[in-house]
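Some notes on the structure that comes next.
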Amino acid sequence: MTTRWGIAATGGMAAAFATDLALVPDAELAFVGSRAPERAADFAGRFSASASGTYRELLAADLDVLYVATPHPQHHALALAAIDAGIPVLVEKAFTATLAGAHEVVDAARAAGLFCMEAMWTRFQPAVVRAKGLVDAGEIGEPLLVQADFGAERVYDPSSRLFDLTLGGGSVLDLGVYPISLAQYFLGRPDRVTVAGTKYPNGADRSAAIHLAHDDGRAAALTCTLAADTPGRAVVVGTEGSIELLPRFHHPERFVVRRNGQEAVEVEEPATGAGYFHQAVEVQRCLAEGLTESPTMPLADTLDVQWVLEECLAQLGIEIGEAPVEL
C-alpha cells in the first residue's frame, strides 16, 4: 500500500528528506507546498513529486502524512493546520519554538486521533537503535551519565536563518536539540537544567554548556555551538561500562562498547541513504499499524526535550515565539 507524502517547505532539510524518501518502499512524494509556488514547482521537478503549490493547496491535497520542514517557529501553525485538515504529521526538530506551542500540537493530534511525531532521525539510526538495545539489556549496567557535544562552524550572518531569532536561530534550537534528545533517550527527563552560554551581537546564542541533573544523581553534560566544529561524540556511562557513539553521534554508523574488565568492542551498523530513510520507514510502519505515536519517539519525550530547550533559552535570556504562516 502506497503512502502518499506531502512536504511543507523546499529548503535543505526538505531536500535531504526527499532524497531518502525515494529509497523508501511504497512511498510516494505526492505534493510539495511552499509560500512561493514557483519554488515548490522547482522542488517537485527535482524530486519527482506528483504535484506542487501553495500551503493551502498542500493542506487540501490527498495525503497520508505531511512532513513539516519549515524553520522552527513555523512548525506550530503548519502542524495545527494539517491536523485540522485530518493529515498526520512528521514535524522537524526542534518540534516547535516554545513549550506551549508543542503542547498545543500534541493536544490537537491526540484529540483528533492522528499520528504525530518529531523528526528526530537520530533515534532511528541503526547504530543508535542497537546501542539503545544494549543499554536496555543491561550490557553496561545502570546508565549514570551522558556526555555529548555538537558544534558546527558557521560564519555569522544575522540575515541567515541560523542566526535570525525570528526564524528560531541560534545554537540551542538548531544543534542543542540533538544532545538534549539523546540524554533524554538514555536518562529520561531531568529534574533541573543549568546552562551557561555566549551570544552573537544580535542576541542569538552562539554557544551553550548545558548540565541536566536528576534527583538521584544521574546527569548529562552537553555542549553546542555555531562558532566552531567539535568532534560530535557521545558517551553513555553505566555502572558496568560505557558506550561511545562515534562522530558524528547524531547519525553514527559505528559505536564502541567498553565493558568493565574487558577489551573494547567496535560495532558497525550502517544507515541507508543519508539516514533519513529510517524515520520515514517508522512513520509508514506506524500508519500501517494504526498507531498515533511512535514507541521510539513518543510525544511525551518530545515534550520533555522541549521543556529543556525552553529552560536553556530562558536562562540565556532569549525569547523565541511561534510564527504565523499564511495559508
Side-chain angles (χ1 to χ4, degrees), residues 3 13 16-17 19-21 23-27 65 67 90-95 115-150 175 177-189 218 220 222 232-238 240-259 264-289 291-302 304-305:
T3 300
M13 279 305 312
F17 182 81
T19 299
D20 270 16
L21 189 64
L23 305 175
V24 177
D26 302 319
V65 61
Y67 169 55
L90 173 66
V91 183
E92 194 48 66
K93 76 301 169 214
F95 189 69
F115 177 83
C116 179
M117 188 181 94
E118 180 184 7
M120 179 44 75
W121 63 310
T122 298
R123 294 201 181 189
F124 303 99
Q125 302 304 298
V128 175
V129 171
R130 186 163 177 191
K132 183 63 161 58
L134 292 176
V135 172
D136 290 347
E139 290 293 322
I140 62 168
E142 179 188 350
L144 300 174
L145 303 168
V146 171
Q147 299 172 320
D149 69 273
F150 195 172
L175 301 180
V177 64
Y178 283 103
I180 289 169
S181 184
L182 188 81
Q184 193 280 337
Y185 196 33
F186 285 98
L187 298 179
R189 178 185 171 120
R218 293 175 301 128
L222 317 171
R233 63 192 287 272
V235 181
V236 182
V237 180
E240 298 174 21
S242 67
I243 289 180
E244 177 184 3
L245 299 173
L246 297 178
R248 286 190 174 245
F249 78 84
H250 68 296
H251 59 113
E253 297 203 337
R254 296 175 297 129
F255 63 92
V256 177
V257 183
R258 296 180 175 90
R259 299 177 179 90
V265 177
E266 184 171 304
V267 180
E268 185 170 0
E269 289 282 356
T272 299
Y276 301 100
F277 168 93
H278 303 284
Q279 67 179 356
V281 169
E282 171 71 357
V283 170
Q284 294 191 179
R285 181 190 72 82
C286 289
L287 291 174
E289 295 181 11
L291 300 179
T292 57
E293 298 188 29
S294 164
T296 303
M297 189 66 242
L299 294 173
D301 284 14
T302 290
D304 285 351
V305 170

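Throughout, numbering of the chain's residues begins at 1 and tracks the sequence.
- By the 4.5 Å heavy-atom criterion applied to side chains, E92 and Y67 are counted as neighbours.
- Looking at heavy atoms from C-beta onward, R218 lies out of side-chain contact with F186 at the 4.5 angstrom threshold.
- One distance of note links CG of L21 with CD of Q284; it measures 7.0 Å at 0.5 Å rounding.
- One finds the OH atom of Y185 at 9.0 Å from the CE atom of M297 (value rounded to the nearest 0.5 Å).
- Side-chain contact between Q125 and V129 is absent, with no heavy atoms from C-beta onward closer than 4.5 Å.
- Taking all atoms of both residues into account, the shortest heavy-atom contact from H278 to A271 is NE2-CA, 3.6 Å.
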(request) Give the intermediate values and the outcome of side-chain contact (heavy atoms from CB on, under 4.5 Å) for residues T3 and D26. (result) CA-CA 6 Å; T3 300; D26 302 319; 5.6 Å; no

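- Contact record, G273 with D20: CA-OD1, 3.6 Å, taken as the closest heavy-atom pair.
- Expressed to the nearest 0.5 Å, how far CD of E253 lies from CZ of R248 amounts to 14.5 Å.
- A salt bridge links R130 to E269: one of the charged nitrogens lies within less than 4.0 Å of a carboxylate oxygen.
- E118 CD to Q279 CD: the interatomic distance, rounded to the nearest 0.5 Å, is 9.5 Å.
- Checked against the 6.0 Å centroid criterion, the rings of W121 and H251 qualify as a close aromatic pair.
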(request) Before giving the answer on side-chain contact (heavy atoms from CB on, under 4.5 Å), spell out for V237 and V146 the whole-Å C-alpha distance, their side-chain angles and the decisive distance to 0.1 Å. (result) CA-CA 6 Å; V237 180; V146 171; over 6 Å; no

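- Pairing each heavy atom of F277 with each of P25, the nearest pair is CE1-CD, 4.1 Å.
- Contact of the I180 side chain with the L222 side chain is registered, since non-hydrogen atoms from C-beta on lie closer than 4.5 Å.
- Interatomic distance, CD of E282 versus OG1 of T296, reported as 5.0 Å (0.5 Å rounding).
- At a threshold of 4.0 Å, the pair R189-D301 does not count as salt-bridged, since none of the basic side-chain nitrogens sits closer than that to a carboxylate oxygen.
- Less than 6.0 angstrom separates the ring centroid of F150 from the ring centroid of Y178.
- A salt bridge links E266 to R254: one of the charged nitrogens lies within less than 4.0 Å of a carboxylate oxygen.
- For E142, there are no salt bridge (Lys or Arg N to Asp or Glu O under 4.0 Å) partners, not counting sequence neighbours.
- Under the salt bridge (Lys or Arg N to Asp or Glu O under 4.0 Å) criterion, D149 pairs with no residue at all, not counting sequence neighbours.
- Under the 4.5 Å side-chain criterion, counting only non-hydrogen atoms from C-beta, L246 is not in contact with P252.
- Annotation for P143 and V236: closest pair CB-CG1, 4.4 Å, computed over non-hydrogen atoms.
- Remark: D304 CG to L187 CG distance equals 12.0 Å, nearest 0.5 Å.
- Residue E293 forms a side chain to side chain contact (heavy atoms under 4.5 Å, CB included) with just one option from P298, C286, C116, and that option is P298.
- In this structure E139 satisfies the salt bridge (Lys or Arg N to Asp or Glu O under 4.0 Å) test together with R259, sequence neighbours excluded.
- Residues V257 and L134 are in side-chain contact: their nearest non-hydrogen atoms beyond the backbone lie under 4.5 Å apart.
- Within the 3.5 Å criterion, the main-chain N or O of F115 finds no donor-acceptor partner in the side chain of T292.
- I243 is listed as a side-chain neighbour of V135, based on a closest heavy-atom distance under 4.5 Å.
- Using a 4.5 Å cut-off on side-chain heavy atoms (C-beta onward), M117 and V91 make no contact.
- Across all their heavy atoms, A148 and L182 have their closest contact at CB-CD2, 4.4 Å.
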